[in-house]
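Just so you know, these numbers use all the heavy atoms, side chains as well, and skip hydrogens, waters and symmetry mates.
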Amino acid sequence: PPLFPYTTLFRSACQSQDTDSKVGEQIEKVLLSRVLSVGHRDKTRDKLSGPKRVADMLQHLERTREQELLAAIREVSEERAEEVRELMFTFEDLIKLPDQAVQLVLRQVPVDRLTIALRGVPATVMDKITRNLSANARQNLLEEMELAGKVKLSEVEAEQRRIVGIVRELEDRGEISYRGGVEEEIY
């Protein structure tokens, strides 16, 4: 199929704050068709299709929409949904990283942003983060969290996405790996 309808669809969705539900449904169908078409590739589709591309797109959405789209993919194909999920790295996946990798990430995150990102996270995530801070930094973070007022869920998710972005940047530079933690140097 021609790419024009897809580009128009994505452009219209990106330009509108309150996307029409029909546009959202069309985007969902496009994503589903792309992830499920991985077995039927051609040169035109390689640029837009497959689980890796869908995972990349989903990581830029709000978590609730990401989860909805993953559930829709799962309804059609459990295998493809799991492929996409495995290719994604979420904030909660920080617990899977070795301590040294978490420390590399935390060095790049200001305390005020971390305070927001940690709102409402599972205890396992909070433990992983606080264990990888110095005693002073941990105390400062906990005090900031106590004093902080209410924060919108969208702000929390935005800060979490920023931290996940830092993880991706570190992986792109070869400093850490989602699957293996800190890259070992070979001499």
For atom CD of Glu146, decide whether the heavy atoms of other residues, nucleotides or ligands shown that lie under 6.0 angstrom number more than 12. no
Heavy atoms of Ile116 and Val151 approach each other most closely as CG2-CG1, 3.8 Å
Rounded to the nearest 0.5 angstrom, the NZ-CD distance for Lys152 and Glu157 is 13.0 Å
Which heavy atom in Val164 sits nearest to a heavy atom in Phe89, and how many Å separate them? CG1-O, 3.3 Å
Please say which of Ile166, Leu141, Leu133 ends up in a side-chain contact (heavy atoms from CB on, under 4.5 Å) with Leu106. Leu133
Group every Ile, Leu, Val, Met, Phe, Trp and Tyr by side-chain heavy-atom contacts under 4.5 Å, then state whether Leu142 and Val125 land in the same group. no
Atom pair CG/CD of Leu114 and Gln108 - distance to nearest 0.5 Å: 13.0 Å
Scanning both residues in full, the closest heavy-atom pair of Val102 with Leu94 reads CG2-O, 3.7 Å
For the CG atom of Leu118 and the CE atom of Met145, what is their distance to the nearest 0.5 Å? 5.0 Å
When rounded to the nearest 0.5 Å, the distance separating CD1 of Ile129 from CD of Gln103 is 10.5 Å
Exercise: identify the closest heavy-atom pair between Val84 and Ala55: O-CB, 3.7 Å
Counting N and O atoms only, with roles assigned by atom type, does the side chain of Asp93 sit under 3.5 Å from a partner on the main chain of Thr90, one being a donor and the other an acceptor? yes
For Asp112 and Thr115, which I'm curious about, is there any donor-acceptor pair between the side chains at under 3.5 Å? no
The reported gap from CD in Gln100 to CD in Glu175 (rounded to nearest 0.5 angstrom) is 11.0 Å
Value for CZ (Arg119) from NZ (Lys150), rounded to nearest 0.5 Å, stands at 10.0 Å
Can you tell whether the side chains of Glu159 and Arg162 come within less than 4.0 Å, N to carboxylate O? yes
Which atoms form the tightest heavy-atom contact between Pro51 and Arg80, and what is the distance? CG-CD, 4.3 Å
